[in-house]
Undergrad: 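Input: one structure, supplied below.
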Amino acid sequence: MKSLLRIAAAQGITLSQPDWENLFGRRAPLEVDLGCGRGYFAKLRAVEFPEINQIALDARIKWIELLQTRCLAEKITNLQALRCDVTQDLPVLFAKGSIAGFTIHHPDPWWKKRHRKRRLIQPALVGQFASLLVPRGWVFIQTDVPDLAAEIRQIFESNPGFVEADVDRIRSEKLGGLSSHREKKCLQLGIPVSRLAFCRSDQKPGGS
Ligand SMILES: C[S@@+](CC[C@H](N)C(=O)[O-])C[C@H]1O[C@@H](n2cnc3c(N)ncnc32)[C@H](O)[C@@H]1O
């Protein structure tokens, strides 16, 4: 999978961070959906929460183009979709302390043991979340892969920048209980979904 960084290096281009406020035409809390797939969740989020600026990232250009076309057709102006490798490109896309929340719905499972290192959520990525989030920033993750939630929890627990948050509150209060495409399928088929939420350790959002 080619990251924006590698493509730019191969073409001798120096990348500069996008000016998101300018691209959206306004200043608003920035939320990023990682591995957005068809963009089902990101589009719902943007439409039902017009007060946020939503960014949807995926490695597959097919999904990104589909989402861009839909946004254009439906005149959705608070959603930007971009193809990239989220394991490599977040620091070139976003300034430190600029993201209100990250969502990750059903990251690829990479079932085989020898492929586990390809799983999306790794210590380095969690370190990037910590530096990119605003002080009350949060991360919401869900998966239908049985052992993956425990693995993800361990990775976050070993980063002092995060504490575990009340996932039901984040899901209902912050995300309006909206589903992703894969989550809807799981719920229809009766496949259990595990959900996790973490926030910057300085303060729990919605904490009492
Ligand atoms: C199982 S699908 C889930 C899609 C969607 N989030 C949902 O819940 O319906 C995982 C998605 O992550 C994307 N993905 C995997 N690795 C990625 C990476 N390193 N950077 C960006 N996207 C990635 C895949 O292209 C795929 O669309």
Side-chain angles (χ1 to χ4, degrees), residues 1-9 15 18 30-49 52 54-71 76 79-94 99 101-112 114-129 132 138-149 151-152 155 167 170-171 174-198:
M1 182 186 313
K2 279 203 177 150
S3 68
L4 297 176
L5 277 172
R6 277 182 61 189
I7 295 168
L15 288 177
L30 207 53
E31 292 185 18
V32 187
D33 190 39
L34 304 173
C36 65
R38 293 166 171 78
Y40 185 90
F41 165 83
K43 191 159 87 66
L44 275 178
R45 178 83 175 132
V47 170
E48 295 202 14
F49 293 81
I52 65 155
Q54 177 72 51
I55 296 174
L57 305 176
D58 201 278
R60 291 189 68 185
I61 190 70
K62 178 181 163 181
W63 297 142
I64 294 302
E65 285 178 351
L66 182 76
L67 187 52
Q68 287 169 339
T69 306
R70 285 183 176 157
C71 286
I76 300 168
L79 171 56
Q80 296 278 338
L82 190 78
R83 194 215 72 83
C84 72
D85 177 352
V86 303
T87 66
Q88 305 293 313
D89 292 327
L90 296 187
V92 288
L93 291 175
F94 306 112
I99 307 297
F102 287 104
T103 47
I104 308 177
H105 303 273
H106 303 271
D108 286 333
W110 294 107
W111 296 106
K112 291 183 181 161
R114 69 175 189 279
H115 289 157
R116 296 266 166 103
K117 57 179 180 297
R118 297 186 195 171
R119 284 181 166 176
L120 193 68
I121 301 166
Q122 303 284 346
L125 187 68
V126 173
Q128 288 178 6
F129 291 162
L132 296 176
W138 47 270
V139 183
F140 173 86
I141 301 165
Q142 60 183 358
T143 175
D144 55 287
V145 178
D147 65 338
L148 190 53
E151 180 182 302
I152 292 168
I155 295 172
V167 69
I170 299 256
R171 183 164 184 261
K174 294 252 176 220
L175 300 174
L178 300 174
S179 293
S180 78
H181 184 261
R182 172 76 195 157
E183 179 189 2
K184 254 182 86 172
K185 284 233 146 138
C186 289
L187 298 179
Q188 278 163 7
L189 297 171
I191 299 170
V193 173
S194 302
R195 301 186 175 93
L196 299 160
F198 303 92

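Ligands are counted one by one from 1 in listed order, and the atoms in each one are counted from 1 as well.
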Undergrad: Can you check whether W111's main-chain N or O pairs, donor with acceptor, with R116's side chain at less than 3.5 Å?
TA: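 Answer holds: yes.
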Undergrad: Looking only at protein heavy atoms, which one is nearest to atom 1 (C) of ligand 1, and how far off is it?
TA: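 Sorting protein heavy atoms by distance from atom 1 (C) of ligand 1 puts H106 O, 3.1 Å first.
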Undergrad: Give the residue and atom name of whichever protein heavy atom lies nearest to atom 8 (O) of ligand 1, and the separation in Å to one decimal.
TA: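 For atom 8 (O) of ligand 1, the nearest protein heavy atom is S180 OG, 2.7 Å.
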Undergrad: Between D108 and R60, is the closest basic N to carboxylate O distance under 4.0 Å?
TA: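 D108 and R60: not salt-bridged.
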Undergrad: Among all the protein's non-hydrogen atoms, which is closest to atom 13 (C) of ligand 1, and how far away is it?
TA: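 Nearest neighbour among protein heavy atoms for atom 13 (C) of ligand 1, to 0.1 Å: D58 OD2, 3.2 Å.
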Undergrad: Could you list the atoms of ligand 1 found under 4.0 angstrom from a heavy atom of G37?
TA: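 Those atoms are 4 (C), 27 (O).
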Undergrad: Using a strict 4.0 Å threshold on nitrogen-to-oxygen distance, state whether E31 and K174 make a salt bridge.
TA: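 Answer for the salt bridge query: no.
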Undergrad: Enter the distance from L57:CG to Q80:CD here, rounded to the nearest 0.5 Å.
TA: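 Rounded to the nearest 0.5 Å, the CG-CD separation comes to 11.0 Å.
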Undergrad: Is the contact between L120 and ligand 1 made by the side chain, the backbone, both, or neither, using heavy atoms and a 4.0 Å cut-off?
TA: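 It is the side chain that gets close, since no backbone atom is under 4.0 Å.
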Undergrad: For atom 19 (N) of ligand 1, what's the nearest protein heavy-atom neighbour? Residue, atom name and distance, please.
TA: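 So the nearest neighbour among protein heavy atoms is D85 OD1, 2.9 Å.
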Undergrad: Given 3.5 Å as the limit, does a donor-acceptor pair link the side chain of D85 with the main chain of K2, or not?
TA: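 Not a single qualifying donor-acceptor pair exists.
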Undergrad: Looking only at non-hydrogen atoms, which of E183, K184, R182, R60 approaches atom 9 (O) of ligand 1 most closely?
TA: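 Looking at heavy atoms only, the winner is R182.
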Undergrad: With distance as the sole test, does D89 use its side chain to make a donor-acceptor pair with the main-chain N or O of L5 at under 3.5 Å?
TA: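 Present.
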Undergrad: Where does C36 meet ligand 1, judged by heavy-atom distances below 4.0 Å: at the side chain, the backbone, both, or neither?
TA: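 It is the backbone that gets close, since no side chain atom is under 4.0 Å.
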Undergrad: Can you tell me if C84 has a non-hydrogen atom under 4.0 Å from ligand 1?
TA: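 C84 counts as a contact of ligand 1 under the 4.0 Å cut-off.
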Undergrad: For the backbone of A59 and the side chain of R83, can you confirm whether one donor and one acceptor N or O come within less than 3.5 Å of each other?
TA: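 Yes; at least one donor-acceptor contact below 3.5 Å.
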Undergrad: Which of the listed options, A59, G35, A56, holds the heavy atom that is closest to atom 4 (C) of ligand 1?
TA: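 Nearest heavy atom to atom 4 (C) of ligand 1 lies in G35.
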Undergrad: Quick one: look at F41 and ligand 1, take heavy-atom pairs under 4.0 Å, and tell me if it's side chain, backbone, both or neither.
TA: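 Answer for F41: neither.
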Undergrad: For H105 and F140, take the angle between the two ring planes, folded into 0 to 90°, and tell me which bin it lands in: parallel under 30, tilted 30 to 60, perpendicular over 60.
TA: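 H105 and F140: tilted rings.
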Undergrad: Has Q88 got a side-chain atom pairing as donor or acceptor with L4's backbone, closer than 3.5 angstrom?
TA: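 No; judged by distance alone, with no hydrogens or angles, the pair does not exist.
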Undergrad: Taking E183 for the side chain and H106 for the main chain, is one N or O donor matched with an acceptor at less than 3.5 Å?
TA: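 No, E183 side chain to H106 backbone: no donor-acceptor pair under 3.5 Å.
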Undergrad: What atoms in ligand 1 come closer than 4.0 Å to a heavy atom of W63?
TA: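 Here the atoms of ligand 1 in question are 27 (O).
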Undergrad: Just jot down the ligand 1 atoms closer than 4.0 angstrom to any heavy atom of H105, in number order.
TA: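 Checking each atom against H105, I get 3 (C), 5 (C), 6 (N), 7 (C), 8 (O).
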Undergrad: Give the residue and atom name of whichever protein heavy atom lies nearest to atom 20 (N) of ligand 1, and the separation in Å to one decimal.
TA: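 Closest protein heavy atom to atom 20 (N) of ligand 1: V86 N, 3.0 Å.
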Undergrad: What protein heavy atom sits nearest atom 15 (C) of ligand 1, and how far away is it?
TA: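 Of the protein heavy atoms, D108 OD2, 3.3 Å lies nearest.
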Undergrad: Using a strict cut-off of 4.0 Å, indicate which atoms of ligand 1 neighbour a heavy atom of H181.
TA: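 Near H181, meaning under 4.0 Å from one of its heavy atoms, ligand 1 has 9 (O).
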